[in-house]
There are 2 protein chains.
Amino acid sequence: MAETTERRAAEAPTSKSARTRERILDAAAHVLSRKGYAGTRLADVAAHAQLQAPTIYYHFASRDELIEEVMWVGAARVHAHVVAELEALPAETSPLDRILTAVEAHLRYELLISDYTTASIRNANQVPEGLRAKAAAEEAAYARLWRDLFTAAMDAGQLRSDLDITVTRMLLLGAMNWAAEWWNPRHRTLDDLVRATQDMVRYGMAPATA
Amino acid sequence: MAETTERRAAEAPTSKSARTRERILDAAAHVLSRKGYAGTRLADVAAHAQLQAPTIYYHFASRDELIEEVMWVGAARVHAHVVAELEALPAETSPLDRILTAVEAHLRYELLISDYTTASIRNANQVPEGLRAKAAAEEAAYARLWRDLFTAAMDAGQLRSDLDITVTRMLLLGAMNWAAEWWNPRHRTLDDLVRATQDMVRYGMAPATA
DNA sequence: CATGGAATCTAACTAGAATTCGAAATCATG
DNA sequence: CATGATTTCGAATTCTAGTTAGATTCCATG
């Protein structure tokens, strides 16, 4: 987490214009993640960013361009975060442990840090094709990362040999993405959620003897 | 205006009015599942139902009432389908096998049979509060069904004793719900998806020996 | 075949929201 | 403090889409 703060500090916008632009993007991510593509009103975004709607046009060419950037940034930031966490691991870390680390990184970023991620996740299928190009490319790269993690674990014999790693990978990502719809920090700590997800990966639900 | 208080919606439509009403509902479910709440245009719904937009008002009082019914029907129908499949099981079926049956029933209904289910799933968090009451009540009842399935399996010793059944249940439902976002019958059969999901429940990903 | 209710249509109204434009306010700098 | 550039705003424009009203077509029945 200190790492994230550091990275954010490094990317901290300097000029006033850049800071306002970032505030608008943040507000758009917030609204987009809750109201969906068609339901995102520039007036709402402006209110969250504490300015008037027309001001947005000084920083973005159009509503669609603003949304396109939110979607793209959302996908790019989880990806970068997970990559960073994986690279921080000791070189000898086993493939299965790398998957468990990726699980934790994905959940933490999605649920704690970023409205962008939930915005891009929830609207992946609602946004018009034209706006999806950059985001889709990022998502494809992120999917490759996960595919490689699973392939490595399978090659190392750390996964059931009859496991359908393509389907299972999507099921796992789905379980994590959906957590944004129901997880409530008042009912369960994020630590508990992370642990339950990792246990699910390792052990399933049934006792080992079954 | 046709009687709006009518309850038996899923049965075979008799009158011409009832059939048209059903066609509009089907079209609304289709559009809603793809465009989201705010993106659902009555003109699109009308086009899918092969009629003009104002005709919808002969069968529904407003756009919101139409959408409310789609959301409610969506939740109610999966629930009813899963219940029916469970009741068809022999009385001596083990709690774990009942969970696996529910998994299969949920996936098949969601992915094969019903646009309503995906519509209600995808829009649960986007629809305004006022429209969510009936759907939310249905979803709560459905959640209780799953909770009872898990509790029974835990009591029977068919789940790991340290399993967090609340979180795990939501992870499982999330994995299944998310499948609507990515599952493509051209890449994987539904049978394969069902099997992979059930295996995930039973065995997790790692080999039993690990 | 006539008739009246049921069902659907076309045309018009209206509200909301993206966008544009020119004025006003703010800010950096000499 | 003055001035020009940067940034923000209020007002006006335009387009979209829900809704209403009234006319028209469909259809069962005597």
Side-chain angles (χ1 to χ4, degrees), chain A residues 12-32 34-71 119 123 126-128 130-131, chain B residues 1-6 9 13-71 119 123 126-131:
Chain A
T14 52
S15 71
K16 172 186 168 101
S17 174
R19 258 179 291 123
T20 302
R21 191 177 192 280
E22 192 69 14
R23 231 171 57 232
I24 294 172
L25 261 184
D26 287 350
H30 181 85
V31 176
L32 187 60
R34 286 160 180 77
K35 299 297 185 68
Y37 169 70
T40 295
R41 314 266 174 248
L42 289 187
D44 288 351
V45 174
H48 275 272
Q50 292 176 305
L51 38 79
Q52 299 302 311
T55 304
I56 294 173
Y57 286 85
Y58 182 79
H59 301 272
F60 296 88
S62 69
R63 173 182 181 275
D64 275 359
E65 191 181 89
L66 168 60
I67 291 176
E68 179 185 31
E69 182 154 339
V70 171
M71 298 287 291
N123 291 285
Q126 288 185 10
V127 155
L131 304 191
Chain B
M1 170 136 191
E3 66 276 43
T4 46
T5 53
E6 185 171 10
T14 53
S15 69
K16 174 184 168 100
S17 174
R19 258 178 291 122
T20 302
R21 191 175 193 279
E22 192 70 14
R23 231 170 58 232
I24 295 171
L25 262 184
D26 287 349
H30 181 86
V31 176
L32 187 60
S33 73
R34 286 160 180 78
K35 299 297 185 68
Y37 169 70
T40 295
R41 314 264 173 250
L42 290 186
D44 288 351
V45 173
H48 274 271
Q50 290 177 306
L51 39 78
Q52 299 302 314
T55 303
I56 294 174
Y57 286 84
Y58 183 78
H59 301 273
F60 297 88
S62 69
R63 172 182 181 274
D64 275 358
E65 191 181 271
L66 168 61
I67 290 176
E68 179 186 31
E69 182 154 340
V70 171
M71 298 285 292
N123 291 285
Q126 287 185 10
V127 156
E129 268 310 309
L131 304 191

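As the structure is a computational prediction, the values presented were derived from the model and not from experiment. Proteins come first, then strands; the chains are lettered A, B, ... in the order of their sequence lines, and each starts at number 1.
- In this structure, the side chains of Ile24(A) and Tyr58(A) stay at 4.5 Å or more apart for every pair of heavy atoms.
- Between the C1' atom of dT16(D) and the CG atom of Asp44(B) lies a distance of 12 Å, rounded to the nearest Å.
- Distance Arg19(A) CZ to dT26(C) C1': 14 Å, rounded to the nearest Å.
- Put simply, Thr55(A) has no side-chain N or O that comes within less than 4.0 Å of OP1 or OP2 on dT7(D).
- A donor-acceptor pair is defined here as one N or O able to donate and one able to accept, closer than 3.5 Å; such a pair exists between the side chain of Thr20(B) and the backbone of Lys16(B).
- Of the possible polar contacts, one joining the Glu65(B) side chain to the Ala61(B) backbone as a donor-acceptor pair under 3.5 Å is found.
- Between the C1' atom of dC9(C) and the CG atom of Leu42(B) lies a distance of 16 Å, rounded to the nearest Å.
- When distances are taken from the side chain of Tyr57(A) to each of dC9(D), dT19(D), dA18(C), the shortest belongs to dA18(C).
- Comparing the local axis fitted to the first five base pairs of the helix from dC1(C)-dG30(D) to dG30(C)-dC1(D) with the one fitted to its last five gives a bend of 10°, rounded to 10°.
- For the pair Asn123(A)/Gln126(B), a side-chain contact is recorded, criterion being any heavy-atom separation below 4.5 Å from C-beta on.
- Summarising the geometry, the separation between NE2 on His59(A) and P on dT20(C) is reported as 16 Å, rounded to the nearest angstrom.
- Across the protein-nucleic acid pair, Leu51(B) atom CG and dC26(D) atom C1' stand 15 Å apart, rounded to whole Å.
- The nucleotide whose nearest atom lies closest to any side-chain atom of Ser62(B) is, among dT19(D), dT10(C), dA17(C), dT19(D).
- Between the CG atom of Leu66(B) and the CZ atom of Phe60(B) there is a distance of 5.0 Å, given to the nearest 0.5 Å.
- Asp64(A) places its CG atom 10 Å from the C1' atom of dA18(C), with the value rounded to the nearest Å.
- Atoms CZ (Arg23(A)) and C1' (dT7(D)) sit 11 Å apart, rounded to a whole Å.
- Separation of atoms CD (Glu129(B)) and CG (Leu131(B)) is listed at 9.5 Å; rounding is to 0.5 Å.
- Minimum atom distance to the side chain of Arg63(A) is reached by dT19(C), of the listed dT19(C), dT20(D), dG18(D).
- Distances shown here put every side-chain N or O of Ser17(B) at or beyond 4.0 Å from the OP1 or OP2 atom of dA6(C).
- The side chain of Gln52(B) lies closest to dC9(C) when the candidates are dG18(D), dC9(C), dT19(C).
- Computed from coordinates, the Glu65(B) CD to dG18(D) P distance equals 15 Å when rounded to whole Å.
- Atom OG1 of Thr40(B) sits about 4.5 Å away from atom CG of Leu32(B), to the nearest 0.5 Å.
- Residue Tyr58(B) has a polar side-chain atom (N or O) positioned under 4.0 Å from OP1 or OP2 of dA7(C).
- The nearest heavy atom of DNA chain D to Lys16(A) and to Ala53(B) marks one nucleotide each, and the one closer to the 5' end goes with Lys16(A).
- Applying the 4.0 Å criterion to OP1 and OP2 of dT7(D), one finds that Thr20(A) has every side-chain N and O outside that range.
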